[in-house]
Amino acid sequence: MSVRVGVLGATGAVGQRLIQLLDPHPEFEIAALTASESSAGRTYRDAAKWRVDSPIPDGVADITVGATDPDEVPDDVDLLFSSLPSSVGEQVEPEFADAGYIVSSNSSNARLADDVPLVIPEVNHDHLDLIEVQRDERGWDGALIKNPNCSTITMVPSLAVLDGFGLERVTVSTLQAVSGAGYDGVSSMEIIDNVLPHIGGEEEKMETESRKLLGEFDGSEVEWHGMDVAASCNRVPTLDGHLENVWAETEESASPEAVEEAFRDASGLDLPSSPDRLIHVFDDPNRPQPRLDRNIDDGQGIAVGPVQETSDGVQYDCLAHNTIRGAAGASVLNGELLVDQNYI
Ligand SMILES: NC(=O)c1ccc[n+]([C@@H]2O[C@H](COP(=O)([O-])OP(=O)(O)OC[C@H]3O[C@@H](n4cnc5c(N)ncnc54)[C@H](OP(=O)(O)O)[C@@H]3O)[C@@H](O)[C@H]2O)c1
């Protein structure tokens, strides 16, 4: 039987990807769409400036978009995917959880809250049980779970593997696609023929979220990983796909061959959207490239280039599709994990 799901912020860049991934989906059936007051009351076809590379699904185009308010969402919807601006999510996501909905959210609000699971299923699915702590503390029947920021999710699967050698220090420089800023995020006059060497708040997100994701959950709290992370984030004129240059130092010495083998051994989970192999390792030093490699495993794969030895560790490049594995697909995977773990 399908789980009835809704999308909060359904008309935006991530919301449209969510629609594309959810229709069709083997476990989920779209039953509610919400957006801002300016979209509410219109059909989805009218309200969304559809820019995803497949037509609006027939069953979705004529759904009337509702206001983003728990009273507007039918009670028989079990799971909500949220792609709201974080200022809006901060206010309304707890209201939905309090009203009994389970919310799988992309927005950055509350990602670091002690009682909110921040999850990449293939990396730290055990953190999902923080929901029990959350429900005890907040008295919610519903729940709020988060996926990390798109740049964080691109590097953390490979860092989780490297942690097998004792991760001590990570330095990362990103080349992030324009879709990561949303449709209205970066003007064409700013980004064409240009690189923007700063993305507000992004470096801090990479430095903190990665430590929470790789932390230890003891049944009541997550003790963050002790590694040092230093990030420098850049916006580049690609449409989709964040490419990142990573330098990592580990406690145990790790040869490039051993690291590549460990990357190749990292498997996905038995969830509909999880790839068989989490990390695709290229031998060619010219790969991964955003245009060529962002759609690996339907946009859910992590692509990694050849690993090189440095004076104190290893260096490699990694890439993920920022609106699929980095956003909408990450929320869908978390939804699949919630079903798998009987929270829904
Ligand atoms: N883009 C990415 O790659 C990416 C990756 C990871 C995380 N995220 C996060 O995901 C969230 C969505 O990003 P996006 O790129 O999809 O943004 P976006 O394109 O600007 O879409 C925002 C969505 O939220 C709705 N909205 C705006 N103000 C609202 C309000 N006051 N009440 C209710 N709904 C409102 C919009 O509806 P209208 O159309 O009616 O205005 C639209 O559906 C953000 O928190 C972002 O940080 C994005």
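All ligand and atom numbering here is 1-based and tracks the order in the structure. The figures that follow rest on heavy atoms only: side chains count, while hydrogens, waters and symmetry mates do not.
Closer than 4.0 angstrom to ligand 1 lie heavy atoms from Gly9, Ala10, Thr11, Gly12, Ala13, Val14, Ala35, Ser36, Ser38, Ser39, Thr68, Ser83, Leu84, Pro85, Ser86, Val88, Asn106, Ser107, Cys150, Ser179, Gly180, Gly182, Tyr183, Asn322, Thr323, Gly326, Ala327.
Under the ring pair (Phe, Tyr, Trp, His ring centres under 6.0 Å) criterion, Tyr343 pairs with no residue, sequence neighbours left out. With sequence neighbours excluded, no residue forms a side-chain hydrogen bond (donor to acceptor under 3.5 Å, both in side chains) with Ser104.
Its side chain within the 4.5 Å cluster rule, Phe217 clusters with Leu112, Leu130, Val133, Val222, Trp224 among the Ile, Leu, Val, Met, Phe, Trp and Tyr residues.
Within a 6.0 Å radius of CD in Gln341, more than 12 heavy atoms belonging to other residues, nucleotides or ligands are found. By the neighbour-count criterion of 12 heavy atoms within 6.0 Å, atom CG of Asp218 is densely surrounded, having more than that number from other residues, nucleotides or ligands.
The closest side-chain heavy-atom distance from Phe263 to Asp265 is not below 4.5 Å.
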